[in-house]
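Before any comments, here is the structure.
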Amino acid sequence: MGKGMFSVSEKQQVCQLFFVQVLLIVLMGALMTYGPEADANLPKNHTGDHGQKHVKKPDPLRVYPNIHVMIWIGFGFLMTFLRRYGQSAIGLTFLLGAILVQVAMICEGVAHIQKSSTSYLSLKSLLSADVAVATPLISMGALLGKTTYMQLVFMGILELIAFTVNKYVGEHLLMAVDAGDSMFVHAFGAYFGLAVSFVFGMKDKPKEHHLEGPSYNSDIFAMIGTVFLWLFWPSFNSAALEGDDQQRAIINTLLSISSGCVIAFATSALVSKDSKFNMVHVQNSTLAGGVAIGTAAGMMCKPVGALVVGALAGLLSVLGYKYLTPLIQKRLRIHDTCGVHNLHGMPGVLGGIFGALMAGLANEASYDYSLYEIFPARAPSSEAKLAEMRDNYGISAGLNRTAGEQAGYQLLVLAITVGIAIVSGLITGLMMRMSICGSISEEQKFDDEAHWELEEESSQESKVKEGTNCGGDQLPMAHI
Amino acid sequence: MGKGMFSVSEKQQVCQLFFVQVLLIVLMGALMTYGPEADANLPKNHTGDHGQKHVKKPDPLRVYPNIHVMIWIGFGFLMTFLRRYGQSAIGLTFLLGAILVQVAMICEGVAHIQKSSTSYLSLKSLLSADVAVATPLISMGALLGKTTYMQLVFMGILELIAFTVNKYVGEHLLMAVDAGDSMFVHAFGAYFGLAVSFVFGMKDKPKEHHLEGPSYNSDIFAMIGTVFLWLFWPSFNSAALEGDDQQRAIINTLLSISSGCVIAFATSALVSKDSKFNMVHVQNSTLAGGVAIGTAAGMMCKPVGALVVGALAGLLSVLGYKYLTPLIQKRLRIHDTCGVHNLHGMPGVLGGIFGALMAGLANEASYDYSLYEIFPARAPSSEAKLAEMRDNYGISAGLNRTAGEQAGYQLLVLAITVGIAIVSGLITGLMMRMSICGSISEEQKFDDEAHWELEEESSQESKVKEGTNCGGDQLPMAHI
Amino acid sequence: MGKGMFSVSEKQQVCQLFFVQVLLIVLMGALMTYGPEADANLPKNHTGDHGQKHVKKPDPLRVYPNIHVMIWIGFGFLMTFLRRYGQSAIGLTFLLGAILVQVAMICEGVAHIQKSSTSYLSLKSLLSADVAVATPLISMGALLGKTTYMQLVFMGILELIAFTVNKYVGEHLLMAVDAGDSMFVHAFGAYFGLAVSFVFGMKDKPKEHHLEGPSYNSDIFAMIGTVFLWLFWPSFNSAALEGDDQQRAIINTLLSISSGCVIAFATSALVSKDSKFNMVHVQNSTLAGGVAIGTAAGMMCKPVGALVVGALAGLLSVLGYKYLTPLIQKRLRIHDTCGVHNLHGMPGVLGGIFGALMAGLANEASYDYSLYEIFPARAPSSEAKLAEMRDNYGISAGLNRTAGEQAGYQLLVLAITVGIAIVSGLITGLMMRMSICGSISEEQKFDDEAHWELEEESSQESKVKEGTNCGGDQLPMAHI
């Protein structure tokens, strides 16, 4: 992989794909084993596992299938909006997801190895892997139609490594809270993808492309993705939580994403000529409320707080599509096919800030001892204060942070996240441009022909020849 | 909103949409708070909440996501069957759902305020809100393609108020049982929508419209909605139940909707020339069995009872599409775009009657003490009889109703429901016609152009110009 | 049904369809009742039902909806890939599923009647019925586009009877383990369908057909099916398991189907000219890993074992599509529309063999006493050894099998399954050819016209007449 400075053939990409899967098998074989809950050999471990007092048993099977649908159906179909790139959108999401879910398990396993010397696979790690996979899929949105599949695979692997490092720093070392991953997934994925796109734009200035638009049916296919994402967003934001925190996250997310949806529709009509809705906004900005409530999903931000932050996100997102995206493309040469900056970038940052605000307002009066479950760093560090809480509520020693300190750390982690995303994205982009994994020419962009044997061609042609005089050099209609 | 007797501009509609969301934020802020199960501040309440004996804890998270899918994917895609109205079908369901789920929470909150002086949000109220939202979406089916989006929003808000009043009367005051909401949701939604459509028909006689039909692909999109509704109907009908009642409701609903599906197919072929299936019937009447078993879903109606009522509903529904809908349109000038009378109206009434029949047959021999859980009004009112049941099974004092009385109340509530639906629908229709919320002209009907910036147009046109001589004034093919 | 040796009219098929549903109502009425968990009349049974020690209560509601989605959305949309057969694919799956789920309940009921003299309906039997329905839907894949609907119904009923017998022999009498039904569902369904197709091919040599291919949109519709099947496969393979076995089955299946997906993509590009992906492979072979891990899903096959068997299945499946299917069609005259041999047949056999291998390697060192839960026939038969295990872990007496014996029985059951599938498939095929249920002519093949009133025709024609000169005798474009 070292010095391949020349374009690789398609055959080489195929070999790389085989190689990646073989490598994953080797790594998984070397590193991973069944966790205690999935190990037939540990019956005692299994039944005695949850003996601790006040630990509510979460059942990942309740939300896991929903997250699974979001990743493959949600992201996959959301990106089918281009008129000639639908098969690639759903197909490459499928391929990328299947590879990266394995990569994410290994990354998470390695991050946990430091503690227990073995890496466990469990429903919880499957769930975390799904959430992690969302990050490179967001970045893929910025690059949709402009890369080979191996470029995406390569990007995804590097991005998951950077993601794991950043999440480890933010969550474990700096003890920031980000239940719905507004920062770790959404902001990270968006700015990483934009950084890669920036590197691509340095070489080829983004131009208008005749295939970069929807068809009537592709816009409806995309709505399959949008609506499933919208529906299961409460599961996404509450996946890592339990008990009343989980219920609150579900309620907050539903409220935020609902008001965000309404305001996105309204703003879309407001900024368009003739006050009509725009499908791009409806497919994307309607989801911004789910991103923006992410960090604070489990906090006591009140129903009205959730509604307000969702509404702001919907507004911001549509305005971003309308005014900011063209500007960024023109000035910074950053082309953003799906507009991930508007759906994940800005709403993710908004979510991080809103989370910091809520963290700054959190006190024992409104949270009782749950405060120290939700913000573990705020728990007392001294043995004296801790004793009763630990015995009765299972709360561990913390860092004795004040509300203001916690808010500061939240903002710090947001800044670090965006920073790591941009830097690692730039580096990844430069490596992707070195053509290790091939590249897509201007004519191949946004075209399924680049990746797919389109079987229908021949039968179409024969039909056109048979009975009509309007074929010409025109694209067969059914392709549109 | 008082005297706007003239057509409003599109811009005004946008402002109304913003206004509605702002109003919802204000009301939610004033009225709603987290329920005890979602409140971090009430750890004792939380763990001690379920101390009562014999109260089986339901877990709404098991069925809630399924209901969620039914409302937005199910209803949304079911209505995409029109060839040029697919984006509006899925898009307006999306918008309407996002607004009305908030309205429904507030309505339910207000209805409950009378008891506890605060209104709680919980998973249970989210679930109830989803179910409530189905009602105006059913009415929307009767009006599909003939209204502005603000007319639908306006209708939905008024309808949810009427729905809440009716459900309160039927369920709390008259103590009728309607587990799967055959009456409260299906019959109510259908007759409300038909009443509105009647008012519309008074002004404009329904005519044939060249866009009121499917395309090959739109019929397949619609099947996404049909099949998801069909699949999750057992969750819908069992959502409000627990334990063995829930299991029975799932079994009954699966049986009823399966036999209804088969009979709908068979009847569709029976009434068509050439004995072929008709997509309209398959998309809609296959679901009638789910509606018809609704009221009795949790009752001991035996597997064979569920199969029979489902089969009847499938038969009735297809015959309705074939013979009754054209008649109603011609004679009563009620145009019913999706045929909600056949899917929700008649099967809903059938469900109400079947429920009354089953209630009339219910006795302690076949239900044991569960009789008083399922029909709370039948529980003894006198302390003497009640004591043992209350202590051992948690049964509360009832009204001492006989089986026949309960059956009578069931029929009374069915009649009241249809009555309130028609009256409130007529009033709402008259208010909608006052053009507060704009209106759709004959040419704009069933056309996405009325609501959407269709971005593809320009690129299509350029392509047509490039290479073909068959463009003419014909609609671009890909739109069909 | 006795002597109808001549082609039946369409009307007769309709009557047969009504007859089948009426028969099902009668049988269900005579045989089935609510199981104890769904019976209001058995409160004591209900609460005391799970009193046994060490019996983990499974909650079928957690996975049941996912399986439900797989059967109707998964299979239904997977088969929409043909350009003019999408409505039949989704519609006939719908009809067939609704009939056969009732048939499957009755078959299972009859199989259980031998033990308890009544047949119970419960969530568990609903779940089993869904799994059983997958079998004839797999066979339908081999015949897609070449049969009347009544031929499929007829086939499905006979197949479910054979399926029930085979499963009873394999699971109860020979005590083979097949958690994910690689053998009982996948291999059985595939070889049964191929046998039927063989009989059809004896009469009409399979020819090329101009409608036997995809369109751009039909390929995307099919991906809805593929991705939902892929997503919920872990639920399918773990549906019959509990506790750690279930968790392990979920993990193993996710790993196997992920690596299978990646290798299917890679192999697809490897065997194609230009190294491009092929939609047929991506729609089908990406799922082969889920089939191949089925039998061993709950076993301790290690993460690396699951990855390897999945990768092999993906490879095998694509090679099958590329090289074996054309050969089988040419030499054996077996036409296989969806290529079920490559998705279900070979991967199912691979799964059976892998399961036997894992069974042969299973010992108490790696499974502890779970060994006797997973392989009940390996439990000691003698009272002495059994006592402690039974008291502490609820393990019943077994057949004292060694690992090698269990492996041998696994292979025996695989052979019997394929044998029964082929023999019963041949017989069923011969009966289907007797035209009791009509037949499809060469011109009607792969064409929705055979089953559906296509309403759009007339409106299309009028439009074509209005404005264009390129209609001619060409198929309307929108149909493609």
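In what follows, every heavy atom counts, from backbone to side chain, and hydrogens, waters and symmetry copies are set aside. Here is the naming used below: chain letters follow the sequence lines, and residue numbers restart at 1 for every chain.
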Given that the side chain runs from C-beta out, which part of [X] has a heavy atom under 4.5 Å from chain B: side chain, backbone, both or neither?
{"X": "C:Phe221", "answer": "side chain"}
{"X": "C:Ala89", "answer": "neither"}
{"X": "C:Ile25", "answer": "both"}
{"X": "C:Leu96", "answer": "neither"}
{"X": "C:Val69", "answer": "both"}

Proximal component of [X], with respect to chain C [non-hydrogen, under 4.5 Å]:
{"X": "B:Ile224", "value": "both"}
{"X": "B:Ala311", "value": "side chain"}
{"X": "B:Gln283", "value": "neither"}
{"X": "B:Leu231", "value": "both"}
{"X": "B:Ala365", "value": "backbone"}

Minimum heavy-atom distance between [X] and [Y], given as atom pair plus value:
{"X": "B:Ile251", "Y": "C:Ala38", "result": "CD1-CB, 3.7 Å"}
{"X": "B:Arg248", "Y": "C:Asp39", "result": "NH1-C, 3.7 Å"}
{"X": "C:Phe77", "Y": "B:Met223", "result": "CZ-C, 4.4 Å"}
{"X": "C:Val14", "Y": "B:Ala269", "result": "CG2-CB, 3.6 Å"}

[atom1]/[X] to [atom2]/[Y] distance, rounded to the nearest 0.5 angstrom?
{"X": "C:Met28", "Y": "B:Ser258", "atom1": "CE", "atom2": "OG", "answer": "8.0 Å"}
{"X": "C:Leu454", "Y": "B:Ser215", "atom1": "CG", "atom2": "OG", "answer": "11.0 Å"}
{"X": "C:Asn217", "Y": "B:Ile220", "atom1": "CG", "atom2": "CD1", "answer": "9.0 Å"}
{"X": "B:Arg62", "Y": "C:Arg62", "atom1": "CZ", "atom2": "CZ", "answer": "9.5 Å"}
{"X": "B:Asp274", "Y": "C:Trp452", "atom1": "CG", "atom2": "CH2", "answer": "14.5 Å"}

task: Could you give me the CA-CA distance, side-chain angles and deciding distance for C:Phe228 and B:Phe228, then say whether ring-ring contact (aromatic ring centres under 6.0 Å, His included) is met?
output: CA-CA 12 Å; C:Phe228 270 111; B:Phe228 270 111; 5.6 Å; yes
message: Main chain of C:Glu449, side chain of B:Lys276: is a donor-acceptor contact present, judged purely on distance under 3.5 Å?
response: yes
field: Worked verdict on B:Phe277 versus C:Tyr149 for ring-ring contact (aromatic ring centres under 6.0 Å, His included)
entry: CA-CA 11 Å; B:Phe277 302 129; C:Tyr149 63 91; 4.7 Å; yes
field: With B:Leu315 via side-chain contact (heavy atoms from CB on, under 4.5 Å) - residues at least two apart
entry: B:Ile263, B:Thr267, B:Leu319
message: Can you confirm whether more than 12 heavy atoms, excluding those of B:Lys273, are under 6.0 Å from its NZ atom?
response: no
- prompt: Partners of B:Asn363 by side-chain hydrogen bond (donor to acceptor under 3.5 Å, both in side chains), sequence neighbours excluded?
  reply: B:Ser366
statement: In terms of heavy-atom pairs under 4.5 Å with chain C, the winner among B:Gln247, B:Gln246, B:Met299 is B:Gln247
statement: Assert top hit (heavy-atom pairs under 4.5 Å, partner chain C, pool B:Ala249, B:Ser235, B:Cys301) equals B:Cys301
- prompt: Do the rings of C:Trp72 and B:Trp230 sit parallel, tilted or perpendicular, given the 30° and 60° boundaries?
  reply: tilted
message: Could you check whether C:Tyr34 and B:Asp244, counting side-chain N and O atoms only, form a donor-acceptor pair closer than 3.5 Å?
response: no
